[in-house]
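For ligands, and for the atoms within them, numbers begin at 1 and follow the listed sequence. This chain uses plain numbering: 1 for the first residue, then up along the sequence.
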Amino acid sequence: MAEITKKWYKEMSVYQIWTRSFCDSNGDGIGDLPGVYSKLDYIKSLGVDGIWFSPIYPSPNCDYGYDISDYKNINPEFGTLDDFKKILDAAHGLGMRVFMDLVVNHTSTEHMWFKEACKSKDNPYHDYYIWRKGRGNKPPNNWLSVFEGGAWEYNKNLDEYYLHVFAKGQPDLNMDNPKVREEVKSIMRFWLDMGVDGFREDVITFISKAEGLPNGFPLPLATGIEHYKHGPHLEEYLDEFRQVLNEYDCFAVGEGPMTGLKDAVNYCTEGPGQKLDMLISFDHMNADCFMADWVKLPFSLRRLKSTFDKWQTEMYGKGWNSLYIENHDHARIIERYGSIKFRVQSGKMLATMYMLQCGTPFIYQGQEIGMTNVRVDHVTEYKDVMTFNNYRLFKKLGFTEKMFLNLSFKVNRENARTPVQWTGGKNAGFTTADEAWFKINPNYTEINVEAAEKDENSLLNYYRKLIKFRKEHEVAVYGDFKQYYRSSGSLFVYERNYEGKKLLVINSFSENPVKFDAPAGIDLSAGELVLQNYEVLNPGKNSFMTKPYETRVYLFS
Ligand code: NOJ
């Protein structure tokens with residue numbers, strides 16, 4: 001059996017905060033750091049061991065913080081560096097670590113480096129970015145951005161184009177310039193020296209672009225991606241950044257859109273040459289879409305299971321998985337892989353299904369109370385550059401606004417960005433302002449933290465039990481992974497084994513009864529039913545019909 005090393009970051013569960021929508025303390029309609037501070041006890045009460053902040057640096061918000069104008073400061077909308085230090089100390093005092101988002105594939109056009117870079121070709125900052133001459137009056141190549149049409153923006157003054165793989169306001173850094181890499185290391189040290197415990201590294205696998213920037217295979221967006229999704233110098237640069245991380249007791253999880261399992265294993269394999277501690281993969285988020293959330297397909301449990309199976313078994317004993325089913329980039333999971341009709345039960349099942357796999361679980365704000373997608377009446381109510389770009393593309397395909405809004409309701413990442421629903425009172429207890437910065441889901445009167453606290457069977461209280469269970473049982477952290485019922489389109493059943501202990505995790509993805517028979521060699525009456533989302537009268541029965549979205553976890557010692 002593969003050797004498994006114990007590490008603190010493997011035993012953690014992490015809570016992700018997207019500050020703008022978390023909690024507003026000063027009544028301006030925008031979530032902020034004092035708001036986070038006021039909720040630290042709540043976060044701790046979940047049982048998590050860490051907080052990952054989506055970017056909280058100064059930013060003109062063309063991509064809500066993922067366009068940074070100053071890496072060593074805090075967005076004044078959110079507070080000050082002192083507010084952040086206060087959270088850092090308090091979180092540490094509560095036994096929680098704090099992780100920052102490190103966004104260094106690109107900056108904001110408002111960053112001082114970019115402003116200098118635009119002044120002249122001789123400016124020392126010019127070479128911090130990727131500039132090219134056009135082909136006649138056409139851009140340097142056929143690349144398209146992920147967010148806003150062409151990937152090149154013309155600068156008349158310099159008669160050159162700059163590359164932006166994301167929005168126009170997010171120019172890509174030229175990581176081939178050693179000075180840029182020194183800047184990145186200095187940013188890392190700045191936060192690590194302050195006491196931050198590590199980073200979530202935004203699209204870090206995109207930082208090296210292919211020599212000569214060749215034309216890409218034409219796609220509706222992100223044309224050219226094959227030339228930077230694992231560029232020629234990526235591993236070298238990751239090694240360089242790793243040396244900084246190695247000076248501290250910290251960890252790094254890298255976001256890797258389009259990164260396959262083979263590359264992920266390569267980046268994360270422990271020992272000399274390890275580049276990242278974990279990778280944020282997108283593969284398991286494609287069980288109801290084709291390559292991207294907006295190309296919607298019916299949900300396929302078989303696709304989900306085979307993806308998890310591969311990542312679980314291939315990574316085991318080599319590197320470590322990150323586990324998530326929600327973040328700020330995807331619609332709410334109950335709407336995708338669960339059921340609104342069985343919101344709480346399917347929410348519990350989904351939580352069990354992913355958190356008891358081998359890896360470090362991340363929980364996104366609002367996920368723990370089962371927040372759902374939001375309908376808007378007009379595209380103009382949206383806030384995100386990606387929405388507006390997609391609207392442009394779907395209109396070209398003949399979509400009306402109504403058709404677009406129907407699709408958007410199912411797939412748009414903005415669904416995850418509505419303010420957290422704290423209470424059933426005014427503005428869901430998120431803000432005292434007349435209006436929040438973004439639409440509050442009208443179902444806050446029913447779905448909110450306050451109501452969930454009062455209900456011992458709420459999803460929130462189930463998350464607490466699950467997180468606690470995982471923390472107290474090494475088999476849930478370090479156990480290997482073996483799947484049963486592989487071909488079932490309704491059941492996802494797996495076991496974990498570690499040092500003589502076994503967990504059997506049974507999940508039904510169906511609202512209809514499904515027959516479950518204990519796998520050969522497993523006697524449920526020999527195990528203890530430790531987690532479940534329905535009352536079970538006879539837990540030792542080896543054969544039963546499942547209830548809608550039922551989940552059960554048996555522990556064998
Ligand atoms: C990935 C982030 O998660 C997403 O929110 C952002 O828009 C892009 N990277 C660009 O930074």
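For Met386, the closest heavy-atom approach to ligand 1 does not fall below 4.0 Å. Between His330 and ligand 1 there is no heavy-atom distance shorter than 4.0 Å.
Ion pair Lys85/Asp83 not flagged as a salt bridge, since none of the NZ, NE, NH1 or NH2 atoms sits closer than 4.0 Å to an Asp/Glu carboxylate oxygen. A salt bridge between Arg336 and Asp293 is present, with a side-chain N of the basic residue lying under 4.0 Å from a carboxylate O of the acidic one. Here Glu240 pairs with Lys185 in a salt bridge; the nearest charged N to carboxylate O distance falls below 4.0 Å. Comment: Arg413 engages Asp63 in a salt bridge, judged by a side-chain N to carboxylate O separation of less than 4.0 angstrom.
The side chain of Glu255, and not its backbone, has at least one atom closer than 4.0 Å to an atom of ligand 1 (non-hydrogen atoms only; side chain from C-beta on). Of the heavy atoms in Arg417, only side-chain atoms (C-beta onward) come closer than 4.0 Å to ligand 1. Under 4.0 Å from ligand 1, not a single heavy atom of Tyr64 appears.
Distances below 4.0 Å separate heavy atoms of Arg413 from the following atoms of ligand 1: 4 (C), 5 (O), 6 (C), 7 (O). Which parts of ligand 1 touch Phe147 is read off a 4.0 Å heavy-atom cut-off, strictly below it: atoms 7 (O). Shown in contact with His106 at under 4.0 Å from a heavy atom are these atoms of ligand 1, numbered in order with element: 10 (C), 11 (O).
Looking from atom 11 (O) of ligand 1 to the surrounding protein, the closest heavy atom is Asp202 OD2, 2.8 Å. For atom 7 (O) of ligand 1, the closest heavy atom belonging to the protein is Asp63 OD2, 2.5 Å. Closest protein heavy atom to atom 3 (O) of ligand 1: Asp329 OD2, 2.4 Å.
Ring planes of Phe206 and Phe166: parallel class, angle under 30° (limits at 30 and 60°). Aromatic ring pairs are classed by plane angle as parallel below 30°, tilted from 30° to 60° and perpendicular above 60°; the pair Tyr71 and His111 is tilted. A perpendicular orientation is assigned to the rings of Phe53 and Phe84, their planes being inclined by more than 60° (bins at 30° and 60°).
The number of heavy-atom neighbours closer than 6.0 Å to NZ of Lys296, taken from other residues, nucleotides and ligands shown, is above 12.
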